[in-house]
Enquirer: 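Structure incoming, see below.
Just so you know, these numbers use all the heavy atoms, side chains as well, and skip hydrogens, waters and symmetry mates.
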Amino acid sequence: MKVHYDDEVDVLYFSLGDQEPDGVIEIAEGVNLDTTADGKITGIEILRASDRLNVDTILSYTLELDQSISKGKVA
């Protein structure tokens, strides 16, 4: 997962993979999911991000994900 913040337009984007999105689903005003044609979520976009959350806190974290969990392989 990669996190991008554009302070000029106040948009926070969580990239959840390398696939290019084919569509967008608005799940709340200013919160959008980028999806593929087969319904996989590839990204999350938050407009007016600084009004909704503490952007500095989000950008200060480093998350490590056990790849076996994301692939459904639990030992």
Enquirer: Evaluate the side-chain proximity of Ile46 to Leu53: yes if any heavy-atom separation is below 4.5 Å, no if none is.
Expert: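 When only atoms from C-beta onward are counted, Ile46 and Leu53 do touch, with a gap below 4.5 Å.
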Enquirer: Got His4 and Ser15 here, is their nearest side-chain heavy-atom distance under 4.5 Å?
Expert: yes
Enquirer: Does Asp6 have more than 12 heavy atoms from other residues, nucleotides or ligands lying within 6.0 Å of its CG?
Expert: yes
Enquirer: Looking only at atom types and distance, does a side-chain atom of Thr36 sit under 3.5 Å from a main-chain N or O of Lys40, one as donor and one as acceptor?
Expert: yes
Enquirer: Is it true that the side chains of Asp10 and Tyr5 contain a donor and an acceptor less than 3.5 Å apart?
Expert: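 Yes, side-chain donor-acceptor contact under 3.5 Å.
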Enquirer: How many angstroms lie between atom CG of Asn32 and atom OH of Tyr13, to the nearest 0.5 angstrom?
Expert: 10.0 Å
Enquirer: For Val31, is there any backbone N or O sitting under 3.5 Å from a side-chain donor or acceptor partner on Arg52?
Expert: no
Enquirer: Can Ile27 be reached from Leu47 by stepping across I, L, V, M, F, W or Y side chains whose heavy atoms are under 4.5 Å apart?
Expert: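 Leu47 does not cluster with Ile27.
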Enquirer: May I ask you to test the Glu45-Asp34 pair for a side-chain heavy-atom distance under 4.5 Å?
Expert: no
Enquirer: Answer yes if Val11 and Val24 sit in the same cluster of Ile, Leu, Val, Met, Phe, Trp and Tyr residues linked by side chain heavy atoms under 4.5 Å apart, and no otherwise.
Expert: no
Enquirer: State, yes or no, whether a side-chain contact exists between Thr35 and Thr42 at a heavy-atom distance under 4.5 Å.
Expert: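 A side-chain contact is absent here, since even the closest heavy-atom pair is not under 4.5 Å.
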Enquirer: Report the distance from atom CZ of Phe14 to atom NZ of Lys2, rounding to the nearest 0.5 Å.
Expert: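 NZ of Lys2 is found 15.0 Å from CZ of Phe14.
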Enquirer: Quick check: do Ile44 and Leu16 have side-chain heavy atoms less than 4.5 Å from each other?
Expert: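 Yes, close enough: below the 4.5 Å cut-off.
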